[in-house]
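Numbering of ligands and ligand atoms starts at 1, following listing order.
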Amino acid sequence: MTVSPASRMNLVQEYYFSTKLKQIAEMRASGIDVLNLGIGSPDLPPSADTISALSESALNPKNHAYQSYVGIPALREAMADFYQTAYGVALNPVNEVLPLIGSKEGVMHISMAYLEAGDEVLVPNPGYPTYRAASLLTGATVVNYDLSEANGWLPDLKELAKKDLSKVKLMWVNYPHMPTGAKANKGFFEELRDFALTHNILIVNDNPYSFILNDDPQSILSVEGMKEVALELNSLSKSHNMAGWRVGMVMGKAEFINPVLRFKSNMDSGMFLPLQMAAVQALKNDKTWFDELNRVYRERQQKVFEMMDLLDCQYDKNQSGMFVWAKIPSNYKSGYELSDEILEKAAVFITPGGIFGTAGDGYIRTSLCAEISLFEESILRIRKALGIC
Ligand SMILES: Cc1ncc(COP(=O)(O)O)c(C=O)c1O
């Protein structure tokens with residue numbers, strides 16, 4: 001019997017990392033000890049209090065039932081408090097905060113709630129591949145907007161405004177930006193708000209990196225009037241070292257959140273209560289937590305800079321997030337070529353920038369999510385592969 005998958009499946013590829021991890025697994029199985037500096041999955045643990053909250057709550061036999069679709073009030077309150085304390089944004093925990101099972105699902109849910117065939121959606125190039133995949137799965141048409149180093153990896157809104165935007169319903173933005181580590185300032189966000197109002201476009205800022213290597217965490221919702229045009233996704237995956245726990249949130253006015261909730265309530269049956277209780281605890285992590293996290297990332301970042309110098313790559317020292325984004329030297333055709341060469345000759349995997357879109361072709365992205373000894377070992381291997389001893 002053959003059953004053909006739905007034609008929409010032709011619109012999306014298997015996630016790059018899923019394929020690459022298979023290749024790395026095969027290399028390892030054949031005895032090659034590959035150092036993986038590709039994926040942004042924090043290797044450090046969540047705070048001890050967070051883990052205690054999870055295990056204590058899991059011991060209670062009453063805590064294993066289905067949960068409400070909107071999360072427990074304590075979690076919504078903790079998320080609203082977090083927005084107030086971290087970004088100075090006031091949100092009503094009752095209807096302006098929606099906990100998510102990771103922000104990646106939020107990208108899909110928002111897309112399903114707002115987009116359909118005939119709609120257009122603005123997606124950053126380079127950018128997080130899920131914006132594009134989720135948009136295509138809804139049947140909407142993706143309109144890439146190119147980001148460039150020359151423009152600080154910010155969209156040129158004046159250029160964009162010259163296009164026919166009449167079908168554009170939604171625009172994905174992501175600052176601090178992955179993969180480039182670029183930040184946006186308030187002036188840009190104000191321009192973006194006006195752009196959204198003029199063209200009647202819902203802005204969604206995806207904001208999981210604001211606490212990593214960034215002295216001034218910002219929420220797009222702190223900009224006056226932004227709540228009228230924007231939603232924001234956030235996540236505990238990176239900032240609280242809880243990637244596998246799958247805790248995210250979408251914040252914004254009730255009118256924008258409600259369709260997302262309607263979709264989501266048909267997809268899952270709430271979040272495990274002990275996870276929610278632990279997330280409440282995690283959201284109390286204070287400045288000491290973030291300072292220590294950043295001390296570790298800063299140290300690793302220096303090692304990656306050293307590695308990039310060896311490879312003759314150029315980079316901005318002031319980038320945020322858990323990666324180093326670097327421009328490859330001109331003797332390589334693309335980041336793919338450099339990445340493949342390092343994998344083959346040094347058994348070190350670094351992500352080619354092209355997987356984030358064509359505008360990332362001339363770059364590579366190195367993750368900071370590995371122990372310092374792995375960076376040191378990578379440097380030694382690369383030196384050896386290049387014949388520098
Ligand atoms: C820009 C961006 N948004 C969202 C996510 C997904 O985060 P979460 O773990 O909350 O689903 C990632 C993860 O890599 C990311 O880089």
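No side-chain heavy atom of H109 sits less than 4.5 Å from a side-chain heavy atom of V250. Considering only heavy atoms from C-beta on, M322 stays 4.5 Å or farther from L293 through its side chain. Residues F323 and L37 fail the side-chain proximity criterion, which asks for heavy atoms closer than 4.5 Å. Contact check for E159 versus Y145: no side-chain heavy atoms found under the 4.5 Å cut-off.
Close approach of ligand 1 to S235 is summarised as follows: ligand atoms under 4.0 Å from at least one heavy atom of the residue are 8 (P), 10 (O). Using a 4.0 Å cut-off to heavy atoms of G102, the atoms of ligand 1 that qualify are 10 (O), 11 (O). Per-residue contacts place R246 under 4.0 angstrom from the following atoms of ligand 1 (heavy atoms of the residue considered): 8 (P), 9 (O), 11 (O).
Few gaps surround CZ on R28; more than 12 heavy atoms of other groups in view lie less than 6.0 Å from it. For K22, the NZ atom counts as densely surrounded, since its 6.0 Å shell holds more than 12 non-hydrogen atoms of other residues, nucleotides or ligands.
Between N174 and ligand 1, a contact under 3.5 Å exists for no N or O pair. Note: an N/O pair closer than 3.5 Å links D206 and ligand 1 by distance alone.
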For residues 133-142, please give each side-chain donor-acceptor pair under 3.5 Å, one per line with the distance, not counting sequence neighbours.
| unit_1 | atom_1 | unit_2 | atom_2 | d |
| --- | --- | --- | --- | --- |
| S135 | OG | Y131 | O | 2.5 |
| T138 | OG1 | S135 | O | 2.6 |
| T138 | OG1 | A140 | N | 3.2 |

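Contacts of S237 with ligand 1, taken as heavy-atom pairs under 4.0 Å, involve the side chain alone. Within the 4.0 Å heavy-atom criterion, the part of M178 lying near ligand 1 is the side chain and not the backbone.
D268 and K264 are joined by a salt bridge, as a carboxylate oxygen and a charged side-chain nitrogen come within less than 4.0 angstrom of each other. Ion pairing between R193 and E190 fails under the 4.0 Å rule for side-chain N and carboxylate O.
At least one heavy atom of P208 lies less than 4.0 angstrom from ligand 1. Ligand 1 is never approached by E105 to a heavy-atom distance shorter than 4.0 Å. Ligand 1 lies less than 4.0 angstrom from a heavy atom belonging to Y131. Ligand 1 is never approached by H177 to a heavy-atom distance shorter than 4.0 Å.
For atom 13 (C) of ligand 1, the nearest protein heavy atom (residue, atom name, distance) is K238 NZ, 2.7 Å. Scanning the protein for heavy atoms near atom 7 (O) of ligand 1, the closest one is S103 OG, 3.2 Å. Shortest contact from atom 6 (C) of ligand 1 to any protein heavy atom: Y128 OH, 3.3 Å. Protein heavy atom nearest atom 16 (O) of ligand 1, with residue, atom name and distance: Y209 OH, 2.7 Å.
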Exercise. Could you go step by step and tell me if L283 and L75 meet the side chain to side chain contact (heavy atoms under 4.5 Å, CB included) rule?
Worked result: CA-CA 9 Å; L283 285 162; L75 179 57; 4.1 Å; yes
